[in-house]
S.K.: 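Here you go, one structure.
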Amino acid sequence: QVLLVESGGGPVQAGDSLRLSCVVSRRTVSNDAMAWFRQAPGKEREIVATIPWRGGTTFYTDSAKGRFTISRDIARNTVYLQMNSLKPEDSAVYYCSAGTGSGSYYRAAYWGQGTQVTVSS
């Protein structure tokens with residue numbers, strides 16, 4: 001069993017920044033990549049960013065490009081999502097995921113419990 005624990009969400013104002021963290025209990029061959037997803041009320045869950053544990057190419061959805069940065073700390077088994085210039089439309093529950101692949105080819109194997117991000121105008 002692989003456990004993922006997110007933290008760092010909360011209420012912010014438009015233009016503010018937040019950094020989400022996700023601690024993974026262990027890394028296995030079934031989770032050689034990490035991803036952040038988000039789900040707003042009444043909408044489907046969408047992928048935000050992906051990163052391989054070994055380093056290399058990261059992926060961002062169009063709305064996140066230039067504002068969000070995904071990174072990982074192998075020693076801490078932790079993945080981060082730095083979110084800058086937040087907009088009200090970024091409001092959602094953000095989920096950390098462990099899996100394989102990148103971008104649209106990413107396949108989740110494990111999920112965290114989610115952390116709420118609320119951006120007010």
Side-chain angles (χ1 to χ4, degrees):
Q1 182 71 9
V2 175
L3 300 179
L4 289 72
V5 180
E6 302 109 327
S7 62
V12 295
Q13 299 285 325
D16 285 352
S17 298
L18 273 178
R19 189 177 78 159
L20 306 182
S21 299
C22 174
V23 180
V24 184
S25 60
R26 63 190 183 98
R27 289 185 284 123
T28 71
V29 294
S30 65
N31 65 335
D32 62 358
M34 299 292 295
W36 286 97
F37 286 74
R38 66 186 180 186
Q39 187 168 20
K43 295 188 177 181
E44 293 187 355
R45 189 174 298 189
E46 64 171 350
I47 195 165
V48 176
T50 65
I51 186 168
W53 276 115
R54 67 183 181 279
T57 303
T58 54
F59 165 85
Y60 297 94
T61 192
D62 285 347
S63 60
K65 289 177 182 177
R67 298 188 300 126
F68 294 4
T69 302
I70 189 170
S71 61
R72 86 276 186 268
D73 184 332
I74 293 177
R76 297 177 184 271
N77 270 8
T78 301
V79 175
Y80 304 98
L81 184 67
Q82 177 68 43
M83 304 186 293
N84 299 327
S85 302
L86 283 162
K87 305 175 181 179
E89 51 264 43
D90 294 318
S91 296
V93 177
Y94 283 71
Y95 295 92
C96 176
S97 170
T100 58
S102 175
S104 59
Y105 298 99
Y106 179 83
R107 294 296 177 265
Y110 306 97
W111 293 94
Q113 81 285 356
T115 184
Q116 177 72 48
V117 173
T118 303
V119 185
S120 57
S121 57

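Sequential numbering from 1 along the given sequence is applied to the chain's residues. Only this structure's heavy atoms are used, side chains among them; waters, hydrogens and symmetry mates stay out.
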S.K.: Whether the side chain of N31 engages the backbone of R26 through a donor-acceptor N/O pair (distance < 3.5 Å, no angle test) should be reported.
M.R.: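 Between the backbone of R26 and the side chain of N31 there is a qualifying donor-acceptor contact (under 3.5 Å).
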
S.K.: Considering all heavy atoms of both residues, which atom of S97 and which atom of Y106 are nearest to each other, and what is their separation?
M.R.: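 Answer, listing the atom of S97 first, then Y106: OG-OH, 2.7 Å.
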
S.K.: Name all residues meeting the side chain to side chain contact (heavy atoms under 4.5 Å, CB included) criterion together with F59; count only those two or more places apart in sequence or in a different chain, and write none if there are none.
M.R.: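 Checked F59 against side chain to side chain contact (heavy atoms under 4.5 Å, CB included); matches are I47, T50, S102.
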
S.K.: Between the side chain of E6 and the main-chain N/O of Q113, is any donor-acceptor distance below 3.5 Å?
M.R.: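 Looks like yes, one N/O pair under 3.5 Å.
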
S.K.: Under 3.5 Å, is there a donor-acceptor pair between the N84 and S17 side chains?
M.R.: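 Side-chain D/A pair, N84 to S17: present.
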
S.K.: Other than V48, which residues form its hydrophobic cluster under the rule that side-chain heavy atoms must be closer than 4.5 Å?
M.R.: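 In the cluster with V48 are V2, L4, V12, L18, L20, V24, M34, W36, I51, W53, Y60, F68, I70, I74, V79, L81, M83, L86, Y94, Y110, V117, V119.
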
S.K.: Which pair of heavy atoms, one from Q13 and one from S120, lies closest together, and at what distance?
M.R.: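 Closest approach of Q13 to S120: NE2-OG, 3.3 Å.
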
S.K.: Hey, are D62 and K65 close enough for a salt bridge, meaning a charged N less than 4.0 Å from a carboxylate O?
M.R.: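 A salt bridge links D62 with K65.
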
S.K.: Taking E46 for the side chain and R38 for the main chain, is one N or O donor matched with an acceptor at less than 3.5 Å?
M.R.: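 Looks like no, no N/O pair under 3.5 Å.
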
S.K.: Can you name the nearest heavy-atom pair linking S91 to A40, along with the distance?
M.R.: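 Heavy-atom minimum between the residues: O-CB, 3.7 Å.
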
S.K.: Is it the case that more than 12 heavy atoms not belonging to R27 sit under 6.0 Å from its CZ atom?
M.R.: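 Count over threshold, so yes.
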
S.K.: Is the Lys NZ or Arg CZ of R45 less than 6.0 Å from the centre of F37's six-membered ring, within 45° of the axis?
M.R.: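 No.
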
S.K.: Give me the atom names and distance for the closest heavy-atom approach of R67 to K87.
M.R.: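 Residues R67 and K87, closest heavy atoms: NH1-CG, 3.8 Å.
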
S.K.: Once you round to the nearest 0.5 Å, how far does CD of E89 lie from OG of S63?
M.R.: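 The CD atom of E89 sits 8.5 Å away from the OG atom of S63.
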
S.K.: Indicate yes or no for a side-chain donor-acceptor contact from Q82 to the backbone of T69 under 3.5 Å, with no hydrogens or angles considered.
M.R.: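 Side chain of Q82 to backbone of T69: no pair is present.
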
